[in-house]
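Just so it is clear: chains get the letters A, B, ... in the order the sequence lines come, proteins before strands, and each one is counted from 1.
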Protein chains: 4
Amino acid sequence: MKSDKYHLIIEAAITVFAKQGYYQTTVAQIAREAGVADGTIYLYFKNKEDILLQIFSFRAKQIFDRFYEAVAEAELSEEKLRSLIRSHLEAFQQDRGLAVVFQSESRQVRKSDALTEQINQISKQYRNLIGEIVEKGQDEGFMRKDLYLGLVKRFVLGAVEEVINTWVLAGGRYDLVSMADPLVDLCMRGIGTGKKST
Amino acid sequence: MKSDKYHLIIEAAITVFAKQGYYQTTVAQIAREAGVADGTIYLYFKNKEDILLQIFSFRAKQIFDRFYEAVAEAELSEEKLRSLIRSHLEAFQQDRGLAVVFQSESRQVRKSDALTEQINQISKQYRNLIGEIVEKGQDEGFMRKDLYLGLVKRFVLGAVEEVINTWVLAGGRYDLVSMADPLVDLCMRGIGTGKKST
Amino acid sequence: MKSDKYHLIIEAAITVFAKQGYYQTTVAQIAREAGVADGTIYLYFKNKEDILLQIFSFRAKQIFDRFYEAVAEAELSEEKLRSLIRSHLEAFQQDRGLAVVFQSESRQVRKSDALTEQINQISKQYRNLIGEIVEKGQDEGFMRKDLYLGLVKRFVLGAVEEVINTWVLAGGRYDLVSMADPLVDLCMRGIGTGKKST
Amino acid sequence: MKSDKYHLIIEAAITVFAKQGYYQTTVAQIAREAGVADGTIYLYFKNKEDILLQIFSFRAKQIFDRFYEAVAEAELSEEKLRSLIRSHLEAFQQDRGLAVVFQSESRQVRKSDALTEQINQISKQYRNLIGEIVEKGQDEGFMRKDLYLGLVKRFVLGAVEEVINTWVLAGGRYDLVSMADPLVDLCMRGIGTGKKST
DNA sequence: TATGAATGAGTATTCATTCAT
DNA sequence: CATGAATGAATACTCATTCAT
C-alpha cells in the first residue's frame with residue numbers, strides 16, 4: 001500500500017496541473033499544495049515527469065477498473081456502450097481536476113517515451129474496449145457490419161472526449177452525466193442497425 | 001504583405017513545435033530552423049508566445065477561408081458537411097506539422113488570455129459552421145429535429161478531431177482524406193433522418 | 001537576525017559595485033565574489049536592484065545610527081557639527097567600498113521608485129540633521145541668523161561630499177579623517193558668528 | 001565645423017541621458033529623439049560611450065570658455081569668484097539636461113579610461129581655476145593664507161555642485177542663479193580675511 | 001552620406017534536483 | 001523519513017553594432 005504522502009502529492013499535483021498545466025507548474029507549487037517540503041516529493045517520485053506519469057497510470061487504472069466493471073455488468077452491447085460512456089462521464093464529473101489534466105496533457109507531444117507510451121496505452125485500451133463492444137453488437141445484430149472498426153472506435157471516443165472537453169472549458173458548470181443518453185443515442189444511430197434490443 | 005522572414009519563422013516554429021511541443025521548444029531552435037539569428041525573431045514577434053498566437057490566428061484564418069469556400073460551393077446540407085470535413089482533413093493532411101500543433105497545443109491550459117481567446121474563437125467558429133449546416137439540414141428535412149444542437153456540433157467536431165488525432169499519432173502514414181466519406185456516413189446516420197438527397 | 005549569506009552577498013555586492021559600478025556588474029560576479037551560486041542570491045534578494053536597495057537601506061541605517069549617536073554625545077552646536085562630519089569621514093574611510101557606492105550610485109537617475117525614494121530619504125535625513133544643528137547654533141548665538149537654512153544645509157553637505165569624493169577618486173590613499181577639522185573650520189567661518197564657544 | 005547631424009545627436013543624447021541615465025538609454029532611443037536612423041549615429045560617433053565622451057569634451061569646452069571669459073572680465077578675486085559661480089549656475093540653468101548629465105554621470109565608475117580621464121580633467125581644470133582665484137585673493141589680502149589650498153578648492157566646488165544638485169532633484173523649479181550671491185557670501189566668509197574690497 | 005534590418009554576444013532570472021541536517 | 005537551503009544549468013530576451021542597399 002502506498003504511503004499517505006504519495007496520495008497527498010498526487011492529488012495536489014492534479015489540482016495544480018489542472019489549474020496551470022504541467023509546464024507552468026513548479027515542483028515547489030505542488031509541494032506547497034500538498035503541504036510537504038520540496039525535497040519530500042523526490043522520496044516518492046523520480047522527478048517531476050514521474051508525477052504526471054503516475055497520475056496517468058495510477059489514477060487511470062483506478063478509473064478503468066470501474067469502466068470494466070460497468071461494462072461487465074451490462075448484458076447487451078448497447079447497454080454496455082451506455083454503461084461505458086456513463087461511467088466515463090461520471091468519473092470525470094466527480095473529479096474535474098483529473099478530467100482537465102487528462103484532456104489537456106494527454107495531447108501534448110513529449111520527449112519521455114514512458115509517458116507517451118502510458119498515454120497511448122490508455123487510449124488503446126479504451127478503444128479496444130469499445131471495439132469489443134462493437135464486435136459483440138455486430139454478433140448480436142445490433143450493429144452494422146459494414147463499418148471499418150478502427151473508424152468506429154475513434155468516432156465514439158472522439159464524440160465522448162469532445163463532450164467532456166466542452167464541459168471542461170465551460171468550467172464544469174452543468175451536469176455532464178445527463179449528456180450520456182443523447183450521446184449514446186447519436187452513436188447508436190450512426191453505428192447501429194436500427195434493430196431494437198427490447 | 002508580411003515580410004519573407006515572418007513566414008520563414010512561422011513555418012520553422014510550426015515544424016519545431018510539432019516535433020517537441022511549445023514548452024519544450026527554445027527560441028534558439030526556432031531561429032536555427034528558420035535560418036535566422038535569435039534576435040531576428042523579436043523583430044517580427046513580441047515574444048515566444050506571440051509566435052504561437054500568430055500561428056493560430058494567421059494560419060487558422062487561411063484555412064478557415066478554405067472551409068467557408070468549400071461549404072459555400074456545395075448545395076445541400078449533407079454535401080456541405082461532406083465538403084467541410086473533406087477540406088478539413090485535406091488541409092491537415094497537407095500540413096501535418098500544423099495539424100500536430102493545432103491538436104496538441106489547443107487543449108493546453110495557458111495563462112495568456114490572448115491565446116486562449118484566439119483558440120476558443122476558432123473552435124467556436126467551427127462549431128457555428130457545423131451548426132448552420134445542421135440547421136439547414138433540418139429545414140431541408142435531411143436532419144433530425146429532435147437533437148440538441150450543442151451536442152450535435154460537438155459530436156461531429158469530436159469525431160473529426162479524433163480521426164485527425166489518431167492519424168497524427170500514427171505518424172501520418174495513411175491517407176487521411178479517405179476517411180472523409182465513411183466519417184460523414186457515420187455522422188449522417190447519427191444525425192440524419194434517413195431521407196435520401198437524390 | 002539576517003542569515004549569514006545575506007551579509008556575505010551584501011558585502012560582495014559593495015565590493016563589486018565599488019569597482020565596476022552597478023550597471024557594469026553582473027549578478028554572476030556578485031555571486032562569485034560572495035562564494036555562492038547565482039541562484040542563491042535570489043533566495044535573499046528579489047532581484048539585482050534589490051541588492052542595491054538593501055545596501056542603501058540596511059547599511060545606511062547602521063551608519064546613520066552612529067551619526068546620531070555622535071551628534072547626541074556632543075554638547076554645543078559646533079561640536080555637534082564636528083562630531084557629525086568626523087564620524088561621517090570615519091565611516092567612509094573605514095569602508096571605502098561603501099563610500100564609492102554611495103558617492104557614485106546615489107546620483108544616478110533611475111526608474112525604480114523604491115530606490116530613488118530610499119536615496120532621497122537618506123539625503124534628506126542627513127540634511128535635516130545638519131539643519132537641527134544649525135538651528136541650535138543660531139539659538140546659542142554661534143551661528144548667523146541671516147542665512148537661508150536650505151542653502152546652509154547644502155553648503156555643508158556639498159563640502160563634505162566633495163571632500164569624500166576627491167578622496168575616493170584619489171584611491172583612498174590619504175587620511176580622510178584628518179580633513180575633518182579644517183573642513184569644520186571652513187564651514188564655521190562661513191556660517192558662524194565668530195563668537196567663540198570657549 | 002561639425003555637421004548638423006552631429007549636434008542633433010549630441011542634443012538628443014543629452015535629453016535622453018538626462019531623463020533615463022546613460023545605461024538605461026539605448027542607442028535606438030537617441031536615434032529616434034534625434035530623428036535619424038540608428039546606423040547614422042555610428043557615422044559620427046565611434047560607439048555609445050563616445051557620445052557621452054563627446055558631450056563632456058565638446059560641451060564642457062564650450063562652457064569652460066565662458067567661465068574663463070567671465071573670470072577674466074572681473075578685476076578682483078572676490079568678483080572673479082562671483083563671476084565664476086554665477087556663470088556656472090547660469091550655464092546649468094540654461095541647459096538643465098546638460099546639468100543632469102554632468103551631475104549624475106560624472107560620478108559613475110566606468111571602465112573606459114578615456115571617459116574617466118575626460119571627466120577628471122574637467123574637474124581638475126575647474127579646481128585649478130578656483131585655485132588661481134584663491135591664490136590671487138591671498139596676494140590681494142582678501143583671502144586667508146592659512147588654508148590648505150586643496151581643501152579650499154573642493155570646499156567651493158562641493159558647495160556649488162550640491163546647490164546645483166538640489167536644484168536638479170527639485171526639477172529645476174526655482175531660479176538657480178539667485179543662489180549665486182548668498183553662496184559666494186558663505187564661501188567668502190569661510191575663506192576670506194574679512195577685508196572689504198571696496 | 002543615410003538607412004534600418006539583421007546579428008549574436010551577453011545576462012537576469014527561474015526552477016528541477018540534491019544533500020547535509 | 002522529512003526538510004528546505006543551496007545549486008547551477010538552461011533560456012527568453014535585449015541591444016550595441018554592422019553592412020548591404
Nearest-nucleotide pick for [X], side chain only, options being [options]:
X: D/Val27; options: F/dT3, F/dT7, F/dT17; answer: F/dT17
X: C/Asp38; options: E/dT11, F/dG8, F/dA12; answer: F/dG8
X: D/Leu43; options: F/dA6, E/dT17, E/dT3; answer: E/dT3
X: D/Thr40; options: F/dG4, E/dA2, E/dT13; answer: E/dA2

Please report, rounded to the nearest Å, how far the [atom2] atom of [N] is from the [atom1] atom of [X].
X: A/Gln20; N: E/dC15; atom1: CD; atom2: P; answer: 10 Å
X: C/Tyr44; N: E/dA12; atom1: OH; atom2: P; answer: 20 Å
X: A/Tyr42; N: F/dG4; atom1: OH; atom2: C1'; answer: 13 Å
X: A/Ile30; N: E/dT17; atom1: CD1; atom2: P; answer: 11 Å
X: C/Lys46; N: E/dT14; atom1: NZ; atom2: P; answer: 10 Å

Is the gap between the ring centers of B/Tyr6 and B/Phe45 under 6.0 Å?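 B/Tyr6 vs B/Phe45: aromatic centres under 6.0 Å.
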
Without swapping roles, check the side chain of C/Gln29 against the backbone of C/Thr26 for a donor-acceptor pair under 3.5 Å.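 Checking the backbone N and O of C/Thr26 against the side chain of C/Gln29, a donor-acceptor pair under 3.5 Å is found.
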
With both distances kept under 3.5 Å, what pairs with E/dA20, Watson-Crick or G-U wobble?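 Because both required distances fall under 3.5 Å, E/dA20 counts as paired with F/dT3.
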
Kindly confirm or rule out a cation-pi arrangement of D/Lys48 over D/Tyr22, judged by NZ or CZ under 6.0 Å from the six-membered ring centre and within 45° of its axis?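 The answer is yes; both the distance and angle limits are met.
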
Let me know which of B/Asp113, B/Leu53, B/Ile55 forms a side-chain contact (heavy atoms from CB on, under 4.5 Å) with B/Gln118.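 Of the listed residues B/Asp113, B/Leu53, B/Ile55, the side-chain contact (heavy atoms from CB on, under 4.5 Å) partner of B/Gln118 is B/Leu53.
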
Upstream residue (5' side of DNA chain F) when B/Lys48 and C/Ala37 are each assigned their closest nucleotide: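 It is C/Ala37, whose closest nucleotide lies nearer the 5' terminus.
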
Would you indicate, yes or no, if E/dA6 has its OP1 or OP2 atom less than 4.0 angstrom from a side-chain nitrogen or oxygen of B/Lys5?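 Yes, B/Lys5 has a side-chain N/O under 4.0 Å of OP1/OP2 on E/dA6.
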
